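Structure first, then comments.
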There are 2 protein chains.
Amino acid sequence: MDNRPIGVLDSGMGGLTAVRELLKVLPKEDIVYFGDTGRVPYGTRSAEIVTQYAMQDINFLLSQGVKMVIAACGTVTTTLPKGLSDQFLFPYTGVLYPTVRAALKATRNGKIGVIATATTIRTGAYERELMRLNPAVRVFSKPCPLFVPLVENGYVDRENQVTRLVAEEYLAPLRKEGVDTLILGCTHYPVIAPIIGDLMGEEVALIDSGKAAADYAKELLEEKALLAGRERNGQCGFYVSDSPEQFAENAAMFLGGSFCGEVKKVEITGYPDSFRADSL
Amino acid sequence: MDNRPIGVLDSGMGGLTAVRELLKVLPKEDIVYFGDTGRVPYGTRSAEIVTQYAMQDINFLLSQGVKMVIAACGTVTTTLPKGLSDQFLFPYTGVLYPTVRAALKATRNGKIGVIATATTIRTGAYERELMRLNPAVRVFSKPCPLFVPLVENGYVDRENQVTRLVAEEYLAPLRKEGVDTLILGCTHYPVIAPIIGDLMGEEVALIDSGKAAADYAKELLEEKALLAGRERNGQCGFYVSDSPEQFAENAAMFLGGSFCGEVKKVEITGYPDSFRADSL
């Protein structure tokens with residue numbers, strides 16, 4: 001039993017879709033969320049820079065006394081070297097393994113689509129992980145670089161013509177290939193899942209990486225006997241590297257409800273940008 | 001006569017639209033371009049950080065032996081304190097003054113529209129500078145946050161339905177106000193000027209801040225007798241703080257032609273982040 005909070009990081013606001021799922025799956029847990037809104041997006045930056053930023057984010061979360069870290073950010077997940085995260089002295093998960101596992105469980109015809117930012121797709125990480133766990137599946141990947149700015153600018157209504165046009169273009173090749181399972185490999189995408197679902201058809205299973213990560217985090221904490229032991233529901237603390245007001249304004253869209261939490265600003269560049277075994 | 005290069009800086013790639021105009025207006029000049037692609041965007045950062053970054057960018061350009069510096073970046077232009085740039089021992093210009101001057105020259109009915117990123121609009125800098133130079137004009141501003149991602153993702157064809165839809169929504173209020181002059185207050189926007197022009201109508205003058213800065217730079221160099229004296233055309237050198245390959249891939253779109261230059265990576269954090277009279 002361990003009442004310390006779960007740490008969740010993202011390059012911006014998308015990771016809140018993972019928080020939304022954590023609140024459902026692990027309602028008793030406290031959560032500390034860090035969104036690096038001052039340096040978003042990570043997807044267009046080099047692996048070296050992303051790794052430095054991610055380590056600063058993790059070191060901040062550790063300074064808040066978290067018991068585990070979820071990188072609810074596709075770019076961090078696929079960029080942080082395994083040799084580095086294997087050294088962490090706390091439970092850590094990205095979104096990759098949990099998501100891939102959920103997709104393999106869902107597929108019937110073995111044809112799996114992956115949509116994500118250009119950088120995530122370029123790493124080939126989803127494809128490799130899917131093939132590693134099941135070499136028989138066929139994977140079809142498509143970068144959807146405009147989905148993040150569209151979501152962040154509120155183009156999220158199910159009938160939004162701009163987002164539907166963009167989505168039609170992105171999803172056409174995946175529909176043509178006949179995938180029966182589609183990985184939403186970016187934590188922003190669940191916000192427009194209704195549009196994606198309309199276009200893919202209801203027979204296609206959409207795999208929400210935030211939900212998959214939340215389910216996996218629950219298993220990890222159970223296994224290590226680190227679940228919170230309190231009776232009341234947990235609390236959330238939100239930290240960002242840019243305007244707290246802007247974050248608070250848009251948070252409800254990602255959390256899928258109303259937002260009334262307190263948001264604090266962090267000088268994230270003040271945290272170490274590398275792994276130090278003594279501090280972790 | 002002075003054959004040293006002109007230095008151009010931007011937080012990323014947008015400043016290349018100023019380079020495109022410099023190549024037309026001052027074909028004999030050498031140009032050194034620095035795009036801070038590893039720290040883009042500047043627009044969301046504090047004034048203190050932007051000033052430090054800008055000074056590093058300028059100190060890098062000076063290390064390349066430039067004779068003048070153009071900040072082809074709206075954020076640097078409006079953030080760098082005048083008290084600081086007034087101390088520079090070399091000709092310096094941002095995009096604000098040249099652009100505002102061109103807009104005031106173009107308007108007939110005194111109604112001027114400004115489109116830019118949300119951050120630039122929020123500073124109110126264009127509006128203030130326009131009113132300072134001519135208190136009689138009326139200014140109508142509109143942030144267009146999706147234009148940068150649309151341009152960066154290649155949604156730039158004149159017939160692109162997505163960009164046209166988004167632009168229609170952004171520009172409708174400016175058309176309604178009857179502006180006869182529209183400032184493209186972000187160096188990405190000239191790439192989609194044909195779409196903006198179609199929607200505003202040909203009677204509306206579009207003011208390209210890159211072109212305005214290039215025209216102004218020519219005047220400055222003429223005035224100070226610093227124009228290049230060679231017969232052949234000048235050469236361009238490109239430097240970035242993140243992936244040179246990614247820069248090279250997208251440069252043609254901003255330059256409005258093909259791109260075959262060499263791009264080198266710079267460790268920009270190694271340059272002084274403040275003004276030193278001895279080095280400048």
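Sequence lines set the chain letters: A, B, ... in the order given, protein chains first and strands last, and positions in each chain run from 1. This structure is a prediction, so every number in the text was calculated from the model and none was measured.
- Residues of residues 166-177 of chain B placed with any heavy atom under 4.5 Å of a heavy atom in chain A are listed by number as B/Val166, B/Glu169, B/Tyr170.
- Side-chain N/O atoms of B/Thr123 and B/Thr120 include no donor and acceptor closer than 3.5 Å.
- Defined by atom type and a distance below 3.5 Å, a donor-acceptor pair is present between the side-chain atoms of B/Ser241 and B/Asp36.
- Of the listed residues A/Leu165, A/Ile49, A/Leu146, the one with more heavy-atom pairs under 4.5 angstrom with chain B than any other is A/Leu146.
- Only the side chain of B/Gln246 comes within contact range of chain A, with at least one heavy atom under 4.5 Å from a heavy atom of that chain.
- In this structure, no portion of A/Glu152 lies under 4.5 Å from any heavy atom of chain B.
- Ion pairing of B/Asp57 with B/Arg39 is present here, as a side-chain N (NZ or NE/NH1/NH2) and a carboxylate O approach within less than 4.0 Å.
- Taking a cutoff of 4.0 Å between a charged side-chain nitrogen and a carboxylate oxygen, A/Arg158 and A/Asp198 qualify as a salt bridge.
- Between the A/Asn59 side chain and the A/Met55 main chain, a donor and an acceptor come within less than 3.5 Å of each other.
- Neither the backbone nor the side chain of A/Val148 comes within contact range of chain B; no heavy atoms are under 4.5 Å apart.
- Put simply, the side chain of B/Thr17 gets close to the backbone of B/Thr187: a donor and an acceptor are under 3.5 Å apart.
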- Message: Test ring-ring contact (aromatic ring centres under 6.0 Å, His included) on A/Phe254 and A/Phe259; report intermediate values, then the result.
- Response: CA-CA 10 Å; A/Phe254 291 94; A/Phe259 179 77; over 10 Å; no
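- Interface residue B/Leu150: backbone and side-chain heavy atoms are both found under 4.5 Å from chain A.
- Contact tally against chain B (heavy-atom pairs below 4.5 Å) for A/Thr163, A/Asn153, A/Thr269: the top residue is A/Asn153.
- Contact count against chain A (heavy-atom pairs under 4.5 Å) is highest for B/Pro145 among B/Ser243, B/Pro145, B/Ala118.
- Under a 3.5 Å cut-off, the side chain of B/Asp242 and the backbone N or O of A/Ser46 do form a donor-acceptor pair.
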- Task: Could you walk me through whether B/Tyr239 and B/Tyr33 pass ring-ring contact (aromatic ring centres under 6.0 Å, His included), step by step?
- Result: CA-CA 6 Å; B/Tyr239 298 84; B/Tyr33 182 86; 9.7 Å; no
